[in-house]
Structures are given as C-alpha cells and as structure tokens.
Amino acid sequence: MEVENLNLFLSFLKENLKAEEYDPDAYLEKLIIHWGETGRTSFSLNAEETRSGAAATIGYEVRTLYFIRENGQEIPVEDLSEGYDVYRPVLRFSDAPASAAPEDKAAPHSAMNPLHLIRHKAGRTLRSVSDATGIAPEELLRYEEPGYPLEALPLGTAAAIAKALRVHAEDLLSCGPTMPAGRR
C-alpha cells in the first residue's frame, strides 16, 4: 500500500497523542487494519490516549491504481477492460481539519480477510511476518485483501506464513476458525 501526505498523519499524531514516545508505524498499521476491517475512511484516537482527553479524528481516502507490466516496467491502466497485471491501493490523508473529516461510510466489501484476522489476533505486524517469511509486506497485504482466495496460496507460502503466525497451514487454507497457539 502506498501512502500519500504521510506528514499530515505524523503531525496529527504529534499534536494529539499525550505519550511523548510512540511508534508512528504501529499507528499507521492500526489505521490500515481499521480500514481493512471496516472500510471506513476516518481514523480516531480514543480519548484515553489524547492530550485533550477527547477523541481526535483524521480523514483519508483510499483509491486503487492498476498497472500492466511491459518490458520490466509498470504502466498505469486507465481502462480496466484492457486488463491489468497488478494493482496497488493508495492511502491519501486529507488536509481538512479533523472535525471536517469525510463522512464515515463503510465500504460494501469491508469484511476482514481470515489471514488478516489471524495475524491481527496473533499481535504480529506486517514487518515481523515479512521478516520471518521472506515475503514482501506488499505481497502479504495483497494476501490479506478482502475477498483474496487463500486457497490459491502456494502451499510453501501458506506454510511459511502459518509458521510465522504459529498456526497450521491447513487452518489458513481452509479459513477455518483458528487462533494462534497460546492465544485461545
């Protein structure tokens, strides 16, 4: 996932969080998880973690860019009827004041992907799973998109991800109910 206007999000965190030290990447991942779970286009810090003691909200939008690969390059696709080889979601923070954040509407396809849910419940970040598996974070995000057919994952990939998440590969591929070991 590409991020535009990241400086707006970092300023939002700096202005609102009462903790002097925090991990901006963890908050960005939390925002991405929030979007993946709900499809909503605003993110709020709860009142307990803000300086003011009131919830703070930032708006953003997510659009998808499509590309065709030609001669080792990615060329943007305008007309999807021509097909595409790869797509990339782009998250863009709004520079509108937090109080004027876009209306919080859930997307119709906002169900959480089972792989995403398992990773989230395991408390693992994309980076940590990427480091453990050797799979690029962007590729992991693609596997976690709502509607991605997990049964299409190569068995070796599923096994590596399952090992990193401490679950069985069969649980990932069957999308059955599962929890990471020790988290039941």
Side-chain angles (χ1 to χ4, degrees), residues 1-70 72-80 82-113 115-117 119-120 123-131 133 135-148:
M1 176 173 265
E2 293 179 20
V3 178
E4 294 178 356
N5 290 353
L6 182 61
N7 59 331
L8 293 175
F9 183 64
L10 298 176
S11 295
F12 166 76
L13 293 176
K14 188 174 182 179
E15 289 171 19
N16 291 290
L17 284 173
K18 68 179 168 186
E20 290 299 319
E21 292 188 28
Y22 54 88
D23 182 359
D25 289 337
Y27 277 95
L28 182 60
E29 184 165 335
K30 196 173 176 183
L31 181 145
I32 292 169
I33 289 169
H34 170 75
W35 171 70
E37 289 175 343
T38 67
R40 298 189 188 279
T41 56
S42 67
F43 176 75
S44 296
L45 299 171
N46 64 45
E48 293 81 34
E49 60 188 340
T50 63
R51 282 188 191 136
S52 67
T57 303
I58 186 168
Y60 58 92
E61 65 181 6
V62 179
R63 70 182 194 286
T64 305
L65 301 178
Y66 297 89
F67 302 90
I68 268 185
R69 288 192 176 126
E70 286 184 7
Q73 295 182 358
E74 291 182 351
I75 300 169
V77 173
E78 299 297 324
D79 181 6
L80 294 180
E82 298 173 15
Y84 59 91
D85 297 319
V86 68
Y87 64 95
R88 192 173 301 115
V90 179
L91 184 150
R92 184 182 197 326
F93 289 100
S94 170
D95 53 1
S99 60
E103 187 178 329
D104 221 5
K105 294 181 182 172
H109 65 304
S110 62
M112 184 183 242
N113 174 297
L115 174 58
H116 184 112
L117 180 62
R119 182 176 65 79
H120 183 65
R124 299 291 307 265
T125 64
L126 280 172
R127 177 68 56 205
S128 68
V129 174
S130 175
D131 291 345
T133 62
I135 301 169
E138 295 80 14
E139 192 71 12
L140 289 170
L141 267 179
R142 188 171 69 86
Y143 297 152
E144 291 184 1
E145 289 174 356
Y148 184 87

Inset, instruction - Any chance you could lay out the side chain to side chain contact (heavy atoms under 4.5 Å, CB included) test for F43 and K30, step after step, and finish with the verdict? - result: CA-CA 9 Å; F43 176 75; K30 196 173 176 183; 4.2 Å; yes

Legend entry - side chain to side chain contact (heavy atoms under 4.5 Å, CB included) assessment of L28 paired with L6: CA-CA 9 Å; L28 182 60; L6 182 61; 4.2 Å; yes

Legend entry - Derivation and outcome, side chain to side chain contact (heavy atoms under 4.5 Å, CB included), residues I135 and Y143: CA-CA 11 Å; I135 301 169; Y143 297 152; 4.3 Å; yes

Inset, instruction - Check step by step if side chain to side chain contact (heavy atoms under 4.5 Å, CB included) holds for V3 and F9. - result: CA-CA 10 Å; V3 178; F9 183 64; over 6 Å; no

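Atom OG1 of T41 and atom CZ of R92 lie 14.0 Å apart (nearest 0.5 Å).
You'll find the side chain of N7 stays beyond 4.5 Å of the side chain of F93, heavy atoms only. When side chains are defined from C-beta on, T64 does not count as touching V90, because their heavy atoms never get closer than 4.5 Å. Residues N5 and Y60 fail the side-chain proximity criterion, which asks for heavy atoms closer than 4.5 Å. Under the 4.5 Å side-chain criterion, counting only non-hydrogen atoms from C-beta, V62 is in contact with P89. In this structure the side chain of I58 never reaches within 4.5 angstrom of the side chain of L13, judged on heavy atoms. Within the 4.5 Å cutoff, no side-chain heavy atoms of L17 are placed close to those of R51.
Listed by chain and residue number, nothing satisfies the ring pair (Phe, Tyr, Trp, His ring centres under 6.0 Å) test with Y27 (two or more places apart in sequence, or in another chain). Every residue two or more places apart in sequence or in another chain was checked for a ring pair (Phe, Tyr, Trp, His ring centres under 6.0 Å) with Y22, and none qualifies.
Electrostatic pairing of E4 and R63 counts as a salt bridge here, judged by a charged N lying under 4.0 Å from a carboxylate O. Salt bridge R119/E144: present, at least one basic N to carboxylate O contact under 4.0 Å.
Between H34 and R40, the shortest heavy-atom distance links the atoms NE2-CB, 3.8 Å. In plain terms, the two heavy atoms of S130 and L140 that are nearest each other are N-CD1, 3.6 Å.
Side chain of E139 to main chain of A136: no donor-acceptor pair is present (N/O by atom type, distance under 3.5 Å, no hydrogens or angles).
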